[in-house]
Amino acid sequence: MKLKQEVNQVIQAAFDEAGIDATPISVSEATKPEFGDFQFNGAMALAKKLGKNPREIAATIVEHLKTDGVIAKAEIAGPGFINLWLDDNWIATRSSEAVADARLGIGVKENPIKAIVDYSGPNMAKQMHVGHLRSTIIGDTLANLLEFLGDEVIRQNHIGDWGTQFGMLIAYLEETGEESSVSLRDLEQFYKDAKKRFDEDPAFADKAREYVVKIQSGDSHCLGLWQKFIDISLGHCEEVYEKLGVNLSREDVRAESFYNDELPKVIDALKEAGKLQESDGAQCVFLEGDEVPVIVQKGDGGYLYATTDLAALHYRAQVLGAKRISYVVDARQAGHFKQVFRVAKEAGFVPEDVKLEHVAFGTMMDKSGKPFKTRDGGTVKLIDLLDEAVERAKEAIKDKSDYTHEQIEALAKTIGIGAVKYADLSINRESNYIFDWDKMLSFEGNTSLYMQYAYARIQSIFRKYGKQPEGEIVIGDELEHRLAMMLLRFEDVLERAAEDAAPSQITAYLYDLATLFMKFYERNPILKEGVAEETRQSRLQLANLTAKTIKQGLNLLGIDVVERL
RNA sequence: GCACUCGUAGCUCAGCUGGAUAGAGCACCCGCCUUCUAAGCGGGCGGUCUCAGGUUCGAAUCCUGACGGGUGUACCA
């Protein structure tokens, strides 16, 4: 439920009632439990405008505040803060509703939009490496989140399947012929071998260059080989997606080559819009205030990635009808996107009301703060990284003797992959990310395993109880009040995370929730003797809603839960 | 050179559209298991929020400048 909105409405009503002609600023979560659940800080700002004492204004607001529904108590503190406590009965009713609802009381957007999330975008010439990890999982989370909140999400995997290097690869594919599918098993090696042939044999190099021309001119034999190569390469990516538990399929692929026919039209349209200028033989768009132009066509007539991005923006806005287009791409490309977005808007490729955003993320570093590489300085293949995560997760499982071999495998997979994803998603995406196995697989702090443990602990209670809880939630003490409040905030958190494209806001919330639950669990016995039945049912339901919220939250992050740990 | 970005505890990070005494985890010290998973909970130690100005009733947050790190800067993507 939109909790803040509920509270804001009460404040607004008080404003109307008191005859204050202003729209109140939104309440914010209280900074401390002593200050209640929410605080309204608007009286101070209003005081200035009205030329009155802030405490007097606060008093007027409080006087007209309805305290027989959502809010139970309001107090004025300090210079004019209004601290608000929500009503226990109201909270209890709302959380009882939430636990009974499949969506946990979270609404579906009334005016959904078409939202495009462009993410992953691997290069077909190479195997996926760690550089693709962040885009893939941050993008997937954003897509899941928007979808859950009700938008119509179109996932776009803008794979790199075009360019001069493909001439070389196709030539080599043809040369190796029958064995190709075998040698393609390791794309990295295939690329290296092809490159070696290219460098050593001038005849092969010429052939490779010939192939580039042939592919681009639509030669069917070459295109067939190219298609085969792309299929196999994409198959490798799908293996990774499968392992990662990412919701990307073939239908989401809109490759670079998809826009080939549109590229000349982009140039024409820019010319039409009066944006095009020739400079040093290249076709450019010069933007007011920018030193460097956006080059859309090279001196030799070739197109560039800016051209493709413009074509894609046009397609997404005009053909697909997107109102929000999010590019989940490395922060280093900020300049590029800033320019391309500007060109797209100025040239009318994208209507003004479409939100274009670069969901930028920082570089992945190793523990010593240097870019993440293998021991010998090469790039780390994503598939290897994921396999290692599963292996390490296996090591982290205590009391392995409690499980069968198969159970350990399954557990390690969920835990290992989940840990990799959670660690990445839990930090502010824009800063660089320090990849640390030990921290990632720790049970302490804001980690995937702490969340898993909290969830499993609750499941353990239900296993012991043996039945489904069916009572109502009743707020019995301060801790239960805080826990229920926290649970009801879930939708606000998701809304905000979607707005900011910030998965870390979800993990931060989940961690706070799990921590609060642990406190509750230590102090408020559930199944122990001497607990009144009504209290027991209520606490079971609170535990139930906590578990469901954790599960739903992790699910949005693309992480599975385990019933037992 | 110019542009963008970051600078919070020894380390890794929060800090939600400017609010009350800046918070977690790790590390270090001290408590708590005869009954729901102690992979937990409680307590302690630890800060000139890089620095200097400015706006404001009020600044880690906004503006300007300095210092320090990162990144980008015309025909690769």
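Order of the sequence lines fixes the chain letters, A, B, ..., with proteins taken first and strands second; residue numbering starts at 1 for each chain.
Across the P atoms, B/rG18 and B/rC13 are found 25 Å apart, a figure rounded to whole Å. Nucleotides B/rG23 and B/rU48 have their P atoms positioned 15 Å apart, rounded to a whole Å. On the P atoms, B/rA22 is 27 Å away from B/rC29, given to the nearest whole Å. Remark: the separation of the C1' atoms in B/rG69 and B/rC51 is 15 Å, to the nearest Å. Nucleotides B/rC45 and B/rG10 are separated by 12 Å at their C1' atoms, to the nearest Å. For the C1' atom pair drawn from B/rC33 and B/rA24, the interatomic distance equals 25 Å after rounding to whole Å.
Checking B/rA74, B/rU37, B/rG42 against every side-chain atom of A/Arg463, the shortest atom distance belongs to B/rU37. Nearest nucleotide to the side chain of A/Ile526, out of B/rU37, B/rC36, B/rA74: B/rC36. In this structure, the nucleotide among B/rA74, B/rA77, B/rU37 sitting nearest to the side chain of A/Glu256 is B/rA77. You'll find that the side chain of A/Lys338 is closest to B/rC4, out of B/rC4, B/rU37, B/rC41. In this structure, the nucleotide among B/rC36, B/rA74, B/rC41 sitting nearest to the side chain of A/Glu522 is B/rC41.
Mapping A/Ser460 and A/Met518 onto RNA chain B by nearest heavy atom places A/Ser460 closer to the 5' end of the strand.
Phosphate contact (OP1/OP2 of B/rA39, side-chain N/O of A/Lys398, threshold under 4.0 Å): present.
Distance CZ (A/Phe517) to P (B/rU37): 11 Å, rounded to an integer number of Å. Rounded to an integer number of Å, the gap from A/Gln333 CD to B/rA77 C1' is 7 Å. Atom-to-atom, CG of A/Asp309 to C1' of B/rA77 comes out at 9 Å; the value is rounded to the nearest Å.
In this structure, the side chain of A/Gln452 engages the main chain of A/Asp560 through a donor-acceptor pair within 3.5 Å. A/Arg429 places no side-chain N or O within donor-acceptor distance of the main-chain N or O of A/Arg134, the cut-off being under 3.5 Å.
Counting any heavy atom pair closer than 4.0 Å across all strands shown, A/Ala396 reaches a base atom. Using a 4.0 Å heavy-atom criterion, one finds that A/Gly299 contacts the bases of the nucleic acid, with or without backbone contacts as well.
Between A/Glu499 and A/Lys355 there is a salt bridge, since at least one side-chain N of the basic residue sits less than 4.0 Å from a carboxylate O of the acidic one. With respect to A/Asp492 and A/Arg496, no salt bridge is recorded, no charged nitrogen being found less than 4.0 Å from a carboxylate O.
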Can you give the donor-acceptor pairs under 3.5 Å from side chains of residues 508-521 of chain A to other protein atoms, not counting sequence neighbours?
from	atom 1	to	atom 2	distance (Å)
A/Tyr509	OH	A/Met486	O	2.7
A/Thr515	OG1	A/Tyr511	O	2.7

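Evaluation of A/Tyr453 against the base of B/rU37 yields no stacking contact (centre distance < 5.5 Å, interplanar angle < 30° required).
Counting only N and O atoms by type, the side chains of A/Arg254 and A/Tyr315 include a donor and acceptor under 3.5 Å apart.
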Given protein heavy atoms under 4.0 Å, the one-letter contact record of nucleotides 11-26 of chain B, with B base, S sugar-phosphate only and - none, is simply -SSS-B--BBS--SSS

